[in-house]
Structure formats: C-alpha cells, structure tokens
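Counting starts at 1 for both ligands and their atoms, following the listed order. Residues: numbered from 1 along the sequence shown.
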Amino acid sequence: MARVVVISTGGTIASRWQGSGFAAEAAGRDVMAAAAVPEGVTVEVVDLFTVNSSRLTTAHQLTLLHTVHEVLADPGVAGVVVTHGTDTLEESAFLVDLHHADQRPVVFTGAQRPLDSPDGDAAGNLHDALLTAASPAARGLGVLVVFDGRIHAARGTVKTHTLADDAFADPSAPRVGHTGFGTITVQRRPERPQPLPLPAPPAGPAPRIDMVMHHCDADPVLLNAAVAAGARGLVLVAAGAGNATPEIAGAVADAVAAGVLVAVTTRVPGGTVAELYTGGGAVDLAAAGAVLTGTLRAGQARTAVLAALLADVPAAERPELLRRLTAAHHPTAAAVPAPAA
Ligand code: ASP
C-alpha cells in the first residue's frame with residue numbers, strides 16, 4: 001500500500017453554505033470523506049487550517065511549507081496531497097516547489113464547487129491527486145497541481161478561470177500530463193531551478209511585498225507609497241512584455257537604491273517579459289535594477305521575491321537569486337524576437 005498524507009488547509013473544497021455565502025468550515029477528515037480513494041492507497045490526514053485562500057498570509061504559507069517537510073521526513077510516506085483554496089493555490093504551491101528537494105510528489109488540489117454540492121468536483125480531484133501522489137511516475141517532477149484530470153507543474157501555473165472545472169494552466173507551457181482510467185500519464189518533465197534550503201521562520205513579521213499594476217495614466221504614486229509603507233519587495237505588473245513609463249522606471253531606480261527587491265511581470269496572460277523597449281520599457285526597468293520574471297505571473301513573481309528575501313544570502317546577492325528563481329523556464333517562452341535591425 002502507498003501511504004499518502006493529505007494536508008488540509010480549507011478552500012472551496014472544505015466550504016459550506018453560511019447563510020449568506022460559502023466559507024471554509026469542514027475539517028480534513030470531512031473533506032476526505034468526499035474522496036474516492038484509489039486502490040492501493042492509504043490516507044492519513046493532517047488538519048492544518050480551515051481558511052479560504054484569499055485570507056492566507058505568509059505565516060500560513062510558511063507553516064504549510066514546514067509541515068510538508070515534516071511529513072516527508074518519514075521515509076514511509078509515498079507522497080503528499082495539499083487541499084487548498086484555488087484563489088491563491090498557485091502561490092502556496094510555488095513556495096513549496098521552490099524549496100522542494102525531495103523526489104516524492106507534493107500535489108496541490110482543490111475544488112471549484114463546495115464540499116456538499118451534489119454535482120461537486122471535489123471527489124474526482126481528490127481521487128486524481130491521491131493517484132498522482134502515490135504514483136512512482138510522478139517522482140522527481142517537483143510540486144504539481146492536479147485539477148480536472150490535468151497535471152500541471154506548480155511553477156508557471158495560474159488560476160485561469162474563476163468558475164470552470166478546468167481552472168488551472170500555465171499559459172506559456174504545455175501541461176505535465178493527465179489522469180484517466182486509474183492511471184497517470186506524464187508528457188513533460190518540468191525544468192526547475194536548484195531548490196532552496198528551508199527558510200528559518202522569520203524572527204519578526206514577514207517582509208512586506210507589494211504589487212502595483214501598470215495602466216494608462218499610471219504614475220509612481222502607488223509604487224512610492226509601497227516603499228514608504230516599508231515594502232522590502234515590490235512586484236510591478238507591467239504592460240505588454242514588461243513596459244511602463246520613464247517616471248515609473250525612475251521610481252523603480254529609487255526603490256532599488258533604497259534596498260527594495262523589485263520584480264517585473266506583466267498583465268498579459270502568456271509569454272515572457274523581455275528587454276525590448278526603452279522609454280519606460282523593460283530595458284529601462286532592468287537598467288533601474290528590477291528583475292524580469294520570465295513567464296511567471298504576479299502571484300508567483302511575488303512568491304519568488306518572498307523566497308529570495310527569506311533566503312540566507314547577503315542582501316547584495318538577492319537580485320541574482322531572484323533572477324535564478326524566475327528565469328524563463330522553457331525554450332519556447334524564453335525565445336525573444338530578435339531586435340529589428
Ligand atoms: N474560490 C476559492 C476556492 O476555490 C476559495 C478559496 O480560494 O478558498 O477554493
């Protein structure tokens with residue numbers, strides 16, 4: 001029998017009607033009661049949190065990260081499933097992936113419909129997640145997101161639909177595989193950077209990391225306000241392939257000079273950010289000291305900034321570490337059009 005440990009954190013998969021809307025309420029054993037457990041798998045449940053994932057904090061995520069490591073300290077465990085709200089699943093899964101040095105799979109899943117809905121998707125997703133976590137074919141793939149019969153690499157995967165069953169994808173890369181007929185099929189082995197050591201729990205509050213989105217008319221007011229509020233990290237969600245304005249590039253240079261770690265991603269769903277444009281574009285943002293985050297989108301760019309800030313390296317090395325953690329991770333996304341002659 002393959003022993004799989006399920007870490008329950010809440011989300012829609014644990015949610016019930018509260019009279020005015022749904023909220024996480026069910027304990028892990030109630031969530032697991034909804035699952036069809038694949039043959040040959042035994043399940044142990046760790047009840048970690050019962051929260052909807054839009055309310056998660058860095059403290060929750062670090063507790064989850066440490067719990068995954070504690071569970072995997074038992075060599076008899078074949079794999080781990082984390083049940084999680086879908087709203088910020090991509091952030092927690094990526095944080096665990098960045099620190100995952102074990103061959104055994106850690107599989108995140110959830111549901112789009114609440115636990116007791118008659119047409120719910122919890123049972124199928126749990127079945128597929130357990131199957132994947134127990135499968136030798138999933139070893140060495142890092143942290144995975146299993147949802148609606150699809151297997152995705154945690155890295156690069158985002159929530160792409162608010163309500164549909166098929167809620168996750170990496171818009172810049174093919175999926176890792178799929179489940180079906182009681183088995184898993186792996187089509188791609190994700191590229192991952194060297195995993196980071198487990199960070200020590202922060203002595204004080206978690207570092208403040210803000211996100212600012214660019215738009216027509218955007219000025220540096222919010223970016224400067226984040227720095228004034230004590231941000232140690234900033235994610236600029238730029239336009240296009242990573243472009244903003246000369247004024248924002250100036251504010252980024254000031255933030256970097258003040259010791260803030262700045263990452264640049266984009267509002268566009270797919271493709272890499274790239275140093276193509278000046279006049280406030282990614283060329284100038286990079287020259288100002290910001291790190292372009294490849295094909296990672298805002299939530300995961302922020303997670304990478306968090307990991308870089310928590311890593312035990314000198315401050316001067318953090319931009320380089322962030323670059324390593326966020327480098328475009330597959331050839332097609334990394335392919336940048338040649339500059340016009
Ligand atoms: N809609 C969310 C979910 O699917 C709620 C949450 O993220 O907790 O789980």
Side-chain angles (χ1 to χ4, degrees), residues 6-35 45-65 67-68 80-97 106-130 132-133 143-152 154-171 175 179 206 209 211 269 297-303 306:
V6 177
I7 303 174
S8 174
T9 71
T12 293
I13 198 166
S15 290
R16 295 194 180 107
W17 183 248
Q18 305 294 316
S20 60
F22 293 98
E25 177 187 87
R29 66 174 176 282
D30 297 332
V31 173
M32 286 315 297
V45 177
V46 175
D47 254 310
L48 197 58
F49 320 121
T50 313
V51 285
N52 286 106
S53 69
S54 59
R55 298 180 63 181
L56 286 178
T57 62
T58 297
H60 286 110
Q61 290 178 315
L62 290 175
T63 301
L64 172 60
L65 174 62
T67 304
V68 168
V80 176
V81 169
V82 178
T83 59
H84 198 290
T86 56
D87 292 355
T88 63
L89 185 151
E90 65 213 48
E91 297 176 40
S92 300
F94 188 45
L95 185 69
V96 177
D97 189 54
V106 175
V107 179
F108 278 69
T109 196
Q112 288 283 61
R113 288 188 296 287
L115 186 58
D116 37 19
S117 44
D119 61 345
D121 52 340
N125 285 343
L126 287 168
H127 173 274
D128 292 348
L130 292 168
T132 306
V143 175
L144 301 169
V145 177
V146 171
F147 220 89
D148 197 36
R150 287 134 171 110
I151 304 172
H152 309 278
R155 183 184 188 83
T157 289
V158 290
K159 187 169 181 181
T160 53
H161 200 286
T162 52
L163 300 175
D165 285 5
D166 179 10
F168 287 92
D170 179 347
R175 63 179 185 244
T179 62
I209 306 167
M211 281 188 199
R297 274 7 191 206
Q300 294 196 338
R302 185 180 178 280
T303 302
L306 172 67

Below 4.0 Å from any atom of ligand 1, which residues have a heavy atom? Give them in chain and number order, please. Gly11, Thr12, Asn52, Ser53, Gly85, Thr86, Asp87, Ala111, Gln112
Under the rule for side-chain hydrogen bond (donor to acceptor under 3.5 Å, both in side chains), what residues qualify as partners of Thr132, not counting sequence neighbours? none
Are any non-hydrogen side-chain atoms of Val145 and His84 less than 4.5 angstrom apart? no
What residues, two or more places apart in sequence or in another chain, satisfy salt bridge (Lys or Arg N to Asp or Glu O under 4.0 Å) together with Asp97? Arg192
Heavy-atom check, side chain of Gln112 versus side chain of Thr12, under 4.5 Å: no
Determine, using ring centers only, whether His152 and Phe168 are less than 6.0 Å apart. no
Partners passing side-chain hydrogen bond (donor to acceptor under 3.5 Å, both in side chains) against Asn52 (at least two apart in sequence or in another chain): Ser15
